[in-house]
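Here is the structure we will look at, set down as structure tokens.
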Protein chains: 2
Amino acid sequence: MVGKRLAGRRQGVTLSEVARRAAVSEITVSRILRNTGPIAEATRLRVLQAVRETGYVPNRLAGGLASSGSKLVGVIVPSLTNIVFPEVLGGIRAALVGTGFQAVIGVSDYDLAIEEELIASLLAWRPEAMVLAGFEHTPAARAMLDNSAVRVAELMDIDSAPIDLAVGHSHWQAGHDSGRYLVGRGYRRFGYVGHDWMADRRAKLRHDGLVAALAEASLALVESVRNVGPSSTQAGRDALAALLARGSTPDVVVFSNDDMALGGVFHCLGAGIRPKDDLALFGFNGLDIGQALPMPLSTMRSNRFLTGKTAIDRVLAQRERPGKTEIIDTGYQILPGATA
Amino acid sequence: MVGKRLAGRRQGVTLSEVARRAAVSEITVSRILRNTGPIAEATRLRVLQAVRETGYVPNRLAGGLASSGSKLVGVIVPSLTNIVFPEVLGGIRAALVGTGFQAVIGVSDYDLAIEEELIASLLAWRPEAMVLAGFEHTPAARAMLDNSAVRVAELMDIDSAPIDLAVGHSHWQAGHDSGRYLVGRGYRRFGYVGHDWMADRRAKLRHDGLVAALAEASLALVESVRNVGPSSTQAGRDALAALLARGSTPDVVVFSNDDMALGGVFHCLGAGIRPKDDLALFGFNGLDIGQALPMPLSTMRSNRFLTGKTAIDRVLAQRERPGKTEIIDTGYQILPGATA
DNA sequence: CTGTTAGCGCGTTCAG
DNA sequence: CTGAACGCGCTAACAG
């Protein structure tokens with residue numbers, strides 16, 4: 001049975017109603033509901049019964065206000081359609097389970113102005129930590145973050161100095177390693193297919209690392225195409241077609257990520273180009289779908305779940321912002337695959 | 001410049017600090033920040049200046065408590081890794097822009113018990129509406145929803161009676177239409193490859209609609225494989241291989257969704273089976289990636305963005321729960337593609 | 001083991 | 001156009 005609520009009264013059941021019904025004081029109900037302080041088993045049962053009968057739902061606005069602690073973690077990701085971010089959120093959720101904390105998620109669409117608005121609006125909920133992607137924020141956003149004493153985790157990237165905590169891996173290094181790996185496998189004529197660098201600075205870092213590795217082997221990109229929009233399979237497909245149409249003959253094409261690379265594979269399959277035999281293809285991210293292809297994509301796996309989980313674990317372990325910043329490398333691995 | 005905050009004081013800047021600085025009362029600051037009531041332009045500018053100088057961030061816990069209105073919408077989706085839900089969230093965000101409302105997102109992992117917990121915990125934030133996926137909820141969850149006077153939108157599905165508002169399309173009908181369409185194209189020997197029905201009831205509805213359409217044409221599935229886990233490309237690939245290994249020779253295989261169907265296409269490409277010529281393949285959802293294949297996937301597009309957007313528009317337009325329930329059909333379209 | 005007192009920071013009255 | 005008083009629902013800090 002689930003109590004009343006009846007009629008016009010807008011308000012729900014409050015603590016005092018539960019307390020009255022159980023013939024105890026409000027604070028006792030509050031303690032029982034929060035498993036705090038010593039409580040007689042008999043009282044607890046009586047109160048829990050009253051809670052059930054009334055259908056009481058605590059008001060966390062009031063609770064948070066009274067205790068100056070919201071048990072909220074603000075999270076801002078650039079996108080949800082790029083599957084890597086839902087995977088990071090998976091790690092965040094995993095770390096939050098059983099802590100009583102709840103994530104409030106914002107999506108910035110890779111737009112720093114939107115990120116700034118979201119930071120303001122999430123900070124208004126007095127979260128106990130904020131999780132962001134990358135190091136680029138507007139000055140106003142930085143000021144708000146500094147001004148609020150909350151812990152700040154910047155994810156994905158560790159190539160710059162963090163505000164507080166950075167968790168991710170070096171994208172420049174990953175690009176560099178991919179270049180060394182491919183050179184080591186005998187490739188010499190490198191093509192590059194990328195997407196918008198303005199929005200996705202990490203893609204540019206990987207590109208720069210790749211180019212640096214090539215230079216160390218006295219090589220350079222023979223051809224490069226960059227799409228203006230965000231990464232997508234269709235964009236990768238179109239861009240590879242455009243690159244090949246230019247007439248140069250790369251023996252390998254490195255893509256800005258797996259989404260783009262998948263499109264590259266599809267172009268090859270449609271055009272009768274045999275991946276690896278005729279043209280090698282290399283991605284980044286190590287998405288499951290790339291590994292389910294007839295020829296698994298050669299790529300690098302980043303550890304998105306671990307990145308999200310580590311950030312939360314760390315930030316909840318130490319709630320005050322420490323004096324010095326910390327950087328945690330969650331690494332990456334080459335997936336040899338069958339396309340390079 | 002961004003004010004102090006200095007030293008040990010845990011608390012941030014409050015309204016009264018801003019008020020003191022601007023030499024007005026708190027309520028005046030409050031009004032200015034909420035664009036409410038008549039305000040002298042001079043005062044407004046002075047106050048805004050003080051807000052900037054102090055780096056004041058409103059406390060929504062306090063604001064919500066005082067006004068009994070949180071400007072929050074609770075959203076619970078079964079998954080974020082299934083791309084259809086991020087797309088629904090995209091529609092929700094689009095509808096929320098400029099309204100001052102903010103979505104709080106929970107992920108249930110297709111688990112009704114987790115959904116129940118999330119409902120309890122989101123309701124504690126006193127949202128002004130709740131958005132859920134599907135019609136299946138635990139009795140306790142239903143009770144909490146009924147008990148809170150908030151509006152409730154149930155998305156994706158319109159095959160049952162909603163609590164308040166349902167937005168989506170009929171999955172049974174979609175399955176039925178796909179069957180009629182494929183029969184109309186001359187297919188007779190139908191195979192089915194699906195994933196876990198316990199978790200994804202809508203997949204089962206589509207299956208049942210398909211089977212019904214076949215029965216109307218005096219046909220039946222010649223072979224059916226269902227994976228126990230969630231849908232994935234790899235699962236689709238494995239399941240199609242398993243189905244074909246059984247020796248029956250379908251001329252078309254219908255998959256529970258595009259993820260699975262993509263795996264089917266990959267299996268065919270790897271095994272030298274020509275999609276459509278040797279074996280037709282049909283999916284559901286109309287994901288972009290399926291349309292970027294060398295041979296675009298034949299499938300049905302559901303309108304996820306519209307579903308999310310419509311639900312929020314509707315629910316914000318009328319904030320009290322209306323006397324009677326409403327059902328909005330956002331439809332679907334057949335994408336002919338090239339695999340069936 | 002339980003209760004009392006006093007706010008948390010803001011918005012809703014109602015007066016000026 | 002601006003302000004004073006009050007309370008939203010809950011919890012911290014003491015008592016007892």
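Sequence lines set the chain letters: A, B, ... in the order given, protein chains first and strands last, and positions in each chain run from 1.
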Tightest non-hydrogen contact, residues Val13(A) and Thr54(A), listed as CG2-O, 3.3 Å

Could you tell me how far apart [X] ([atom1]) and [N] ([atom2]) are, to the nearest whole angstrom?
X         : N      : atom1 : atom2 : value
Arg60(A)  : dC8(D) : CZ    : C1'   : 18 Å
Asn59(A)  : dC8(D) : CG    : C1'   : 8 Å
Arg34(A)  : dT2(C) : CZ    : C1'   : 14 Å
Ile27(A)  : dG3(C) : CD1   : C1'   : 9 Å
Arg126(B) : dC8(D) : CZ    : P     : 14 Å

Is the phosphate of [N], meaning OP1 or OP2, less than 4.0 Å from a side-chain N or O of [X]?
X        : N       : answer
Tyr56(B) : dG9(C)  : no
Thr28(A) : dT2(C)  : no
Ser30(A) : dC10(D) : no
Arg44(A) : dT2(C)  : no
Ser25(B) : dG3(D)  : yes

Just compare dG11(C), dT2(C), dG9(D) and give me whichever is closest to any side-chain atom of Pro38(A).
-> dT2(C)

Residue Ile39(A), side-chain heavy atoms: nucleotide from dG9(D), dT2(C), dT2(D) that is nearest | dT2(C)

How is [X] classified with respect to the nucleic acid when contacts are heavy atoms under 4.0 Å: base, sugar-phosphate, or nothing?
X        : result
Thr43(A) : sugar-phosphate
Leu61(A) : nothing
Arg31(A) : base

Exam field: side chain Asn303(A) to backbone Thr330(A), donor-acceptor pair closer than 3.5 Å | yes

